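No experiment lies behind these values; they were computed from the predicted model shown.
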Amino acid sequence: MCGRGRCTLRADDIPRACHRSVPPTTVLHMDRYRPSYNVSPGFNVPVVRREDASDSEGYVLHCMKWGLIPSFTKKTEKPDHYKMFNARSESIDEKASFRRLVPKCRCLVAVEGFYEWKKDGSRKQPYYIHFKDGRPLVFAALYDSWKNSEGEILYSFTIVTTSSSSALHWLHDRMPVILGDKDSTDTWLSSSASSFKSVLKPYEESDLVWYPVTPAMGKPSFDGPECIKEIQVKAEGNTSISMFFSKKVAENEDTKPEKKISCHEFVKTELTEDLSKEAAKTEGENDIKSSGFSNSQNATKVPIKRDYEAFSADSKPALANIDQVRANPVKKKEKAKTADDKQPTLFSYFGKR
């Protein structure tokens with residue numbers, strides 16, 4: 001925090017955003033500046049800094065790389081702008097990378113807004129944070145210069161952060177140091193090393209607002225106005241499958257309050273009644289399918305749970321013929337072939353041969 005921002009300001013709007021009333025005395029590398037809705041470490045971003053002479057009243061508009069590369073970095077080392085793109089205000093007087101920069105290398109960074117992610121388990125939802133009236137935000141920052149093995153000088157900066165404000169604590173525990181007026185920007189740029197700490201605090205004013213944006217902007221390559229377009233975030237649990245089915249069950253219970261019996265209970269109840277009716281019919285009416293499993297007013301009077309022995313005993317008269325057929329299917333077939341049946345078969349024919 002902060003690791004992403006929107007900087008689409010025109011170059012000539014940046015000094016005015018930083019409460020500078022006069023033009024810069026020097027402009028450096030502004031041809032490298034490319035406005036973007038999705039600025040990340042490694043991007044070229046304009047900053048406002050003091051002149052090298054501490055007593056000078058002028059300032060420099062200087063385009064630098066976001067992500068500090070300390071001057072003591074080895075010349076042969078490849079710069080990694082993600083290592084120090086933020087500096088904790090509580091420890092800038094302690095760490096060597098920042099301590100030597102505090103007296104004379106303080107600067108201002110102007111952006112329209114920044115992004116922060118809300119963690120919800122494995123899911124992360126980005127939010128865009130900005131001023132309600134649309135004016136730019138100004139961050140406190142530190143800068144440094146580094147010379148590589150080829151003799152090229154690279155200027156880079158880091159954004160100073162502090163604890164989150166009471167309004168944004170639900171989103172993240174850190175936020176950038178926001179300098180909301182001319183007095184605070186003058187104090188940060190001042191050469192006095194004793195007063196700048198007074199501005200290193202959370203921004204508690206109510207004009208800072210936010211809203212959710214598309215997770216697609218998590219990719220640095222994703223750019224354009226879509227990055228700051230507000231989206232609707234679904235409430236937690238609304239997309240749960242279990243919630244969906246439980247809602248459907250509740251609706252069915254409301255529309256159909258009558259008691260339902262299971263398929264197993266239905267078969268037992270209806271079949272028992274039909275079999276008892278079959279016992280009173282003639283011996284030739286033994287086809288169970290003719291009963292049709294129709295509804296009956298007396299069906300519920302028959303116990304739902306019933307022992308198999310009792311069920312079998314009551315149904316014997318109706319199932320006598322069926323049991324015989326099922327038990328001795330081969331015998332019935334053999335009975336059809338009596339000894340008097342002398343009609344030749346293919347089996348007997350080939351058997352004789």
Side-chain angles (χ1 to χ4, degrees), residues 1-10 13-21 35-40 45-48 66 85-90 92 106-120 123-142 158-190 195-215 217-218 225-236:
M1 176 68 199
C2 134
R4 293 291 179 86
R6 171 196 173 188
C7 187
T8 56
L9 295 168
R10 296 190 313 174
D13 288 336
I14 294 173
R16 188 163 50 251
C18 296
H19 306 288
R20 303 298 98 186
S21 58
S36 174
Y37 285 87
N38 195 1
V39 177
S40 59
V45 181
V47 306
V48 170
W66 182 13
F85 59 85
N86 283 168
R88 295 176 66 93
S89 60
E90 297 87 348
I92 57 174
R106 301 193 295 271
C107 62
L108 306 173
V109 179
V111 297
E112 287 103 325
F114 66 98
Y115 304 93
E116 188 52 70
W117 278 257
K118 170 65 176 176
K119 294 182 179 180
D120 185 10
R123 181 173 173 268
K124 294 182 179 180
Q125 173 60 52
Y127 285 78
Y128 178 61
I129 305 165
H130 61 103
F131 278 137
K132 186 185 299 183
D133 59 6
R135 74 184 190 277
L137 288 78
V138 181
F139 297 156
L142 299 171
T158 182
I159 294 175
V160 181
T161 65
T162 184
S163 57
S164 182
S165 65
S166 56
L168 283 173
H169 191 71
W170 65 274
L171 181 59
H172 202 277
D173 60 346
R174 305 290 295 177
M175 68 181 299
V177 173
I178 300 174
L179 308 175
D181 52 34
K182 187 178 186 304
D183 290 340
S184 59
T185 56
D186 288 345
T187 300
W188 180 249
L189 286 182
S190 172
S195 60
F196 74 90
K197 290 186 178 181
S198 63
V199 300
L200 300 180
K201 58 184 179 181
Y203 187 83
E204 295 286 357
E205 301 298 327
S206 61
D207 54 352
L208 198 64
V209 295
W210 53 86
Y211 56 81
V213 294
T214 174
M217 59 77 48
E226 296 82 4
C227 290
I228 61 168
K229 184 178 180 181
E230 183 175 3
I231 66 170
Q232 297 297 321
V233 178
K234 294 181 179 179
E236 184 179 359

Looking at side-chain heavy atoms only, is the closest gap between Val48 and Thr185 below 4.5 Å? no

- Query: Would you say the side chain of Thr161 lies within less than 4.5 Å of the side chain of Val177, judging by non-hydrogen atoms?
  - Reply: no

| task | Report yes or no: does Glu116 contribute a side-chain atom to a donor-acceptor pair with the main-chain N or O of Gly3 at less than 3.5 Å? | result | no

To the nearest 0.5 Å, atom NZ of Lys132 lies from atom CG of Leu208 at 10.0 Å

* To do: Quick one: do Val199 and Asp183 satisfy side-chain contact (heavy atoms from CB on, under 4.5 Å)? Show the steps, please.
  => CA-CA 10 Å; Val199 300; Asp183 290 340; over 6 Å; no

What one should report as the nearest heavy-atom pair of Thr158 and Ala87 is OG1-N, 3.3 Å

| said: Quick check: Tyr115 with His130 (ring centres under 6.0 Å apart)? | reply: no

### Message
Within the structure provided, determine whether Leu142 and Val160 are in side-chain contact (heavy-atom separation under 4.5 Å).
### Response
yes

Give a yes or no on whether Arg135 atom CZ has more than 12 heavy-atom contacts from other residues, nucleotides or ligands under 6.0 Å away. yes

Heavy atoms of Pro215 and Gln125 approach each other most closely as CG-OE1, 4.1 Å

In terms of heavy-atom contacts, Met217 and Thr214 come closest through CG-O, 3.0 Å

- Taking it one step at a time, do Ile178 and Phe139 satisfy side-chain contact (heavy atoms from CB on, under 4.5 Å)? CA-CA 5 Å; Ile178 300 174; Phe139 297 156; 3.9 Å; yes

Side-chain (Ser164) to main-chain (Met175) donor-acceptor, under 3.5 angstrom: no

- Message: Using a 3.5 Å distance criterion without hydrogens, assess whether the side chain of Trp188 forms a donor-acceptor pair with backbone atoms of Cys107.
- Response: yes

Arg4 and Gly218 have their tightest heavy-atom pair at NH2-O, 2.8 Å

Residue set satisfying side chain to side chain donor-acceptor pair (under 3.5 Å) with Tyr203, at least two apart, ordered chain then number -> Asp207

CD (Glu204) and NZ (Lys201) are apart, to the nearest 0.5 Å, by 9.5 Å

* Is there a side-chain contact (heavy atoms from CB on, under 4.5 Å) between Leu108 and Leu189 once you walk through the steps? -> CA-CA 8 Å; Leu108 306 173; Leu189 286 182; 3.5 Å; yes

(Q) For the aromatic rings, using the six-membered ring if either is Trp, is the centroid distance between Tyr127 and Trp210 under 6.0 Å? (A) no

OG of Ser21 to CZ of Arg16, rounded to nearest 0.5 Å, is 11.5 Å

| message | Tell me whether Glu112 contacts the main-chain N or O of Thr8 through its side chain, where contact means a donor paired with an acceptor under 3.5 Å. | response | yes

Output for pair (Trp170 CH2, Leu168 CG), nearest 0.5 Å, gives 7.5 Å

- prompt: Under 6.0 Å between the ring centres of Tyr128 and Phe114?
  reply: no

**OP:** Considering only NZ, NE, NH1 and NH2 on the basic side and carboxylate oxygens on the acidic side, decide whether Asp120 and Lys124 come within less than 4.0 Å.
**Re:** no

| Side-chain donor/acceptor of Thr187 to backbone N/O of Phe196, under 3.5 Å | no

Residues passing the side chain to side chain contact (heavy atoms under 4.5 Å, CB included) test with Ala110, sequence neighbours excluded, are Leu9, Ile14, Ala17, Cys18

Close side-chain approach of His172 and Lys118, heavy atoms under 4.5 Å
no

Checklist entry - With a 4.5 Å limit on heavy-atom distance, are the side chains of Ile231 and Val213 in contact? => result no

Could you go through Leu171 and Ile129, starting from their C-alpha distance and side-chain angles, then the distance that decides it, and tell me whether this counts as side-chain contact (heavy atoms from CB on, under 4.5 Å)? CA-CA 11 Å; Leu171 181 59; Ile129 305 165; 3.7 Å; yes

Hits for side chain to side chain contact (heavy atoms under 4.5 Å, CB included) against Glu90, two or more places apart or cross-chain, chain-then-number order -> Arg88, Thr162, Arg174

message: Checking side-chain polar atoms at under 3.5 Å, does Asn38 have a donor or acceptor matched by the opposite partner on Arg6?
response: no

Closest heavy-atom pair, Ser198 versus Ser195, reported as atoms and distance to 0.1 Å, is OG-O, 2.8 Å

OH of Tyr211 to CD of Gln232, rounded to nearest 0.5 Å, is 12.0 Å

